[in-house]
Amino acid sequence: MALEAVATSIARPGLKALNIVTSPYGAWFGKWLARGGASVTTLAAEPARPITIEAVEQALDAAPGIAALALVHAESASGICNPLEEIAALARSRGIVTIVDAVASIGGHPLDVDALGLDIAVIGPQKSLGGPAGLSALSISHNAWKLVSEENSPRDSILSLLDQKAWIESGRGALPGTTAPLEFFALEAALDRIEEEGLASVLERHARASRATRAGLTALGARLWATDDTTSRLVTTVEAPPATTPSEIIAIATDLGCDLTSGVGPGAERLLRFNHTGNRARFETVMAGVTAYGLALHRLRLPADIGAAAEAIAAAYAG
Ligand SMILES: *Cc1c(COP(=O)(O)O)cnc(C)c1O
């Protein structure tokens with residue numbers, strides 16, 4: 001909802017936006033901008049791959065007058081992470097407002113909104129933070145407020161940022177509508193858990209789960225989809241071996257009680273996702289997922305060194 005509210009509130013005829021697409025989420029954001037009359041340049045990465053800073057630079061050079069740039073930080077759909085730091089620096093150097101979908105990445109990847117100079121960052125509690133799915137939140141800079149047009153932006157709407165601004169400026173009193181209290185209790189519980197563990201530890205737990213999964217899969221004999229520096233720390237992906245289908249592998253893993261899923265969106269159809277997001281970012285999930293994958297390959301009469309994979313995961317958790 002926060003993502004759609006941002007797009008709806010800044011979109012207007014005459015606004016030029018560069019929309020980076022690395023999953024269905026980015027594609028939806030572009031449609032919402034276009035619905036509001038904005039002129040949207042779509043920059044799609046290779047299917048299920050991260051965008052490159054060179055491609056962003058070229059796209060900005062080719063379309064003068066871009067005032068806003070939108071992208072997803074880390075993808076849970078395909079297991080990639082976009083080069084946010086470089087893109088943010090480039091946008092800042094050209095005075096372009098940045099909009100970042102950090103719904104999945106918050107808690108899994110470091111996200112220093114102020115240091116990166118991100119104008120709008122949208123987050124949700126339901127991924128790496130291990131919280132409820134019914135809420136979303138955003139931060140917005142003074143520069144980004146200038147893009148929210150008084151004439152075109154909706155009012156008296158769940159998608160209105162101006163309504164939120166009015167609420168903040170009038171002293172944060174009664175909300176314009178009744179909120180769902182259970183969602184807020186669940187959010188509070190999730191944030192209490194984060195506070196108790198410490199955000200640094202939550203981040204390290206994701207980094208380690210990612211490292212361990214990658215080391216395990218490599219030792220197993222699998223080829224990783226993303227490189228070390230462009231991998232999402234939320235899910236790890238591999239391509240299903242040529243003679244197999246993702247669904248037969250997933251069926252075997254599911255039988256074993258493991259949460260293996262297929263990729264989401266164009267180009268990700270043959271990807272298998274090892275989910276280590278939020279409460280799943282821990283040793284037993286990683287070990288179970290990778291060894292279950294190895295077992296599935298054995299059942300399909302394909303080689304997989306489960307022993308070496310287990311050793312590699314254990315080593316990643318030893319230090
Ligand atoms: C999960 C996710 C969202 C939000 O989707 P929900 O279906 O509401 O959970 C938005 N953007 C990204 C990149 C996500 O991974």
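Note that ligands are numbered from 1 as they come in the structure, with each ligand's atoms numbered from 1 the same way. Every value quoted in this text rests on a predicted model; they were computed, and no experiment measured them.
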Quick one: does S23's side chain have a donor or acceptor within less than 3.5 Å of a partner on Y25's backbone?
yes
Salt-bridge test for D119 and R92: reply yes if a basic N is under 4.0 Å from a carboxylate O, no otherwise.
no
Which residue in the set H276, R273, R280 passes side-chain hydrogen bond (donor to acceptor under 3.5 Å, both in side chains) when paired with D259?
R280
Ligand 1: protein N/O within less than 3.5 Å of ligand N/O:
{"residue": "ligand 1", "atom": "9 (O)", "partner": "Q126", "partner atom": "NE2", "Å": "2.8"}
{"residue": "ligand 1", "atom": "11 (N)", "partner": "D101", "partner atom": "OD1", "Å": "3.2"}
{"residue": "ligand 1", "atom": "11 (N)", "partner": "D101", "partner atom": "OD2", "Å": "2.6"}
{"residue": "ligand 1", "atom": "15 (O)", "partner": "S76", "partner atom": "OG", "Å": "3.0"}
{"residue": "ligand 1", "atom": "15 (O)", "partner": "K127", "partner atom": "NZ", "Å": "2.8"}

Verify whether the ring centers belonging to H73 and H109 lie closer than 6.0 Å.
yes
Please tell me if the side chains of H142 and K146 come closer than 4.5 Å, counting only heavy atoms from C-beta onward.
no
Is L138 reachable from L135 through a run of I, L, V, M, F, W or Y residues, each pair having side-chain heavy atoms under 4.5 Å apart?
no
